[in-house]
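Below, read A as the first sequence line, B as the second, and so on, with proteins coming before strands; counting in each chain starts at 1.
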2 protein chains.
Amino acid sequence: MTWIKAPAGEPREKTRMTTFAEAFQRFADQFLPPNLSDAMHLRFQAAARSSQLGRENSLEFGDGGQHIVFVVRGATKLVAHASESRDQIVAFHFAGEVFTVPEPGNHSYSVSALKDCDILSFRWTDFSTLASSEPAVLRRLLETTMQSLRRCRENAIGLGRKTAGERIAVFLLGMAERIGSEQDGRIFLDLPMSRRDIAESLGLTIETVSRQLTKLKEEGVIQTAGRSGVILGARGHLRDRAGFLLEAA
Amino acid sequence: MTWIKAPAGEPREKTRMTTFAEAFQRFADQFLPPNLSDAMHLRFQAAARSSQLGRENSLEFGDGGQHIVFVVRGATKLVAHASESRDQIVAFHFAGEVFTVPEPGNHSYSVSALKDCDILSFRWTDFSTLASSEPAVLRRLLETTMQSLRRCRENAIGLGRKTAGERIAVFLLGMAERIGSEQDGRIFLDLPMSRRDIAESLGLTIETVSRQLTKLKEEGVIQTAGRSGVILGARGHLRDRAGFLLEAA
DNA sequence: CGGACATTTGAACCTCATCAAGGGTCGTGG
DNA sequence: CCACGACCCTTGATGAGGTTCAAATGTCCG
């Protein structure tokens, strides 16, 4: 049903951290209501497919429908294929998150791994059937979808109306909130995505991303450590550069 | 709770086409399951607020939460205010459609009328409470939200990776599908939105939109009739300019 | 028919993309 | 542990697509 593509290097098996049962259990803990009947639990489990993805490997959905994806471990990007060498990253997702993959239409979508990943996926038709009589699951899924929609809209504002500098600032603030760790007032980021990924999510080129990061570094707003490390100084300074409304706190 | 802003000219009452009861009935027909109990029906009705909006008047949501909006009659735009004179239109919605308005965060959102509108709105907290025990309503809302998400993502691809010409082509094709009327092979569009609206939804300026439309006209791909009339020739010609994947049908 | 306003058209400018090297970083193998 | 090498990232120079500013033309409403 699903097919793993390895664009560069072969899929590394490395440490297969989780078994299918463990993976599904994590999904159930995160997403299914605690009082769900054992029968339903099993039916959801039967509908789930697990995949291990090595870095930069991608999961394509051969059957042309929507899919629901749960990230058990690792970090992923949802990529839309506009055309030859014009990809747009529509969303990043980290361990514990659930999202939907649209069915192919004018553009096709795939999920790929920013770092080694364990992933659980469901065909929407299957999932929908199971969930339709479980209001708690529907609510949870609705919540998740609304969250994705909010993020997508915020992203669209950036893509449509913000300068390169503002987009980078927004990106860093967003990542800080999602995967940053705070230590004595400063926020440490270990970005799992490459400059190319950042560029493709912000509608820019890697060169522009690099230049903007350099600029922020020169202005003392951030520090960098290697390829993936970023240390944010006072968050206010980044906010000032993000082109947000003034009033907001 | 809600507040009507009239940026230019006073709100015109014109023909108030629908009473509250009629408006709610249309919503119920479209969105609530036919077998819903009378009691629930009344509770939904009690949570609904109706508004009449004249052209270019906007509905702002004073209480800072999410809202659910149903367009009874007319056509609307969902506008995000990025900052002073930098607005991004996040979605257009037409009669019969339901959508969510995000709560204000880094940016604030409002709904305004492309032409005279009747609108029904719900606070999300109210709606959510009522819907949580009605799987059919949840399913319907989930469907709607997924549809919005798909559209938003497609739009994001355009904003991030497409040229002005491609964005216009995609826009026209999308509008043709939603509000076009076909007559002997050609599609007639009566665009309810101004060039400014088109520009603000595509992340362009009105001048660029105008130039691109002129170009399409010169190339014989479209014809225009007044401000709002557009006639699409062979749809294939527009598709060729939309930057879609080649294979797709 | 007149007038306000939306749209079109034109010209100069600017941001960011593109093309092209030059450094760093990190993984691999010795 | 160090050194090599591939790849990623940075930096520089140039150019195009789209914005901005300005003005003419069209459209539609009263």
From [atom1] of [X] over to [atom2] of [N], roughly how many Å is that when rounded to an integer?
{"X": "A:Leu202", "N": "C:dA17", "atom1": "CG", "atom2": "P", "answer": "11 Å"}
{"X": "B:Gln212", "N": "C:dT9", "atom1": "CD", "atom2": "C1'", "answer": "14 Å"}
{"X": "A:Asp116", "N": "C:dG27", "atom1": "CG", "atom2": "C1'", "answer": "14 Å"}
{"X": "A:Lys115", "N": "C:dC26", "atom1": "NZ", "atom2": "C1'", "answer": "17 Å"}
{"X": "B:Glu166", "N": "D:dG18", "atom1": "CD", "atom2": "P", "answer": "9 Å"}
{"X": "B:Glu218", "N": "C:dT9", "atom1": "CD", "atom2": "P", "answer": "7 Å"}
{"X": "A:Lys215", "N": "D:dT10", "atom1": "NZ", "atom2": "P", "answer": "15 Å"}
{"X": "B:Arg86", "N": "D:dT19", "atom1": "CZ", "atom2": "P", "answer": "13 Å"}

Donor-acceptor side-chain pairing of B:Arg167 and B:Gln212 below 3.5 angstrom: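 Side chains of B:Arg167 and B:Gln212: no pair found under 3.5 Å.
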Verify whether one side chain among B:Arg153 and A:Gln88 offers a donor that lies under 3.5 Å from an acceptor in the other.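 Their side chains do not contain a donor-acceptor pair, so the 3.5 Å distance test is not met.
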Could you go through A:Arg150 and B:Glu103, starting from their C-alpha distance and side-chain angles, then the distance that decides it, and tell me whether this counts as salt bridge (Lys or Arg N to Asp or Glu O under 4.0 Å)? CA-CA 9 Å; A:Arg150 275 193 298 271; B:Glu103 63 188 327; 5.4 Å; no
Does [X] reach a base, just sugar-phosphate, or nothing at all? Heavy atoms under 4.0 Å.
{"X": "B:Gly203", "result": "sugar-phosphate"}
{"X": "B:Thr214", "result": "sugar-phosphate"}
{"X": "B:Gly165", "result": "nothing"}
{"X": "B:Thr208", "result": "base"}
{"X": "B:Leu204", "result": "sugar-phosphate"}

In this structure, are over 12 heavy atoms from other groups packed under 6.0 Å from A:Glu177 atom CD?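 12 or below, so no.
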Would you say A:Arg178 has more than 12 foreign heavy atoms packed within less than 6.0 Å of its CZ?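 Yes, enclosed.
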Does the pair B:Arg55/B:Asp116 count as a salt bridge with the N-to-O cut at 4.0 Å?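 Looking at B:Arg55 and B:Asp116, the cut-off is not met.
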Is any NZ, NE, NH1 or NH2 atom of the basic residue among B:Lys77 and B:Glu56 found under 4.0 Å from an Asp or Glu carboxylate oxygen of the other?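 Answer for the salt bridge query: yes.
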For D:dC8, take OP1 and OP2 only and decide whether either is under 4.0 Å from a side-chain N or O of A:Ser194.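 Negative; the distance criterion is not met.
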Closer to the 5' end of DNA chain D via nearest nucleotide, is it A:Arg195 or A:Arg161?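 Result of the comparison: A:Arg195.
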When you measure from the side chain of A:Arg86 to the backbone of B:Arg161, do you find a donor-acceptor pair of N or O atoms at a distance under 3.5 Å?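 Yes: the side chain of A:Arg86 pairs with the backbone of B:Arg161.
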Determine, for nucleotides 10-15 of chain C in 5'-to-3' order, which nucleotides have protein heavy atoms under 4.0 Å from the base (write B), from only the sugar-phosphate (write S), or from neither (write -). BB----
Would you indicate whether the side-chain heavy atoms of B:Ile168 and B:Leu213 approach each other to under 4.5 Å?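 Yes; the side chains approach each other to less than 4.5 Å.
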One pair to check against side chain to side chain contact (heavy atoms under 4.5 Å, CB included): A:Val79 and A:Tyr109. What are the steps and the verdict? CA-CA 6 Å; A:Val79 185; A:Tyr109 293 84; over 6 Å; no
Polar atom pairs (N or O), protein with nucleotides 25-28 of chain D, under 3.5 Å:
{"residue": "D:dG26", "atom": "N2", "partner": "B:Arg227", "partner atom": "NH2", "Å": "3.0"}
{"residue": "D:dT27", "atom": "O2", "partner": "B:Arg227", "partner atom": "NH2", "Å": "2.8"}
{"residue": "D:dC28", "atom": "OP1", "partner": "B:Arg227", "partner atom": "N", "Å": "3.4"}

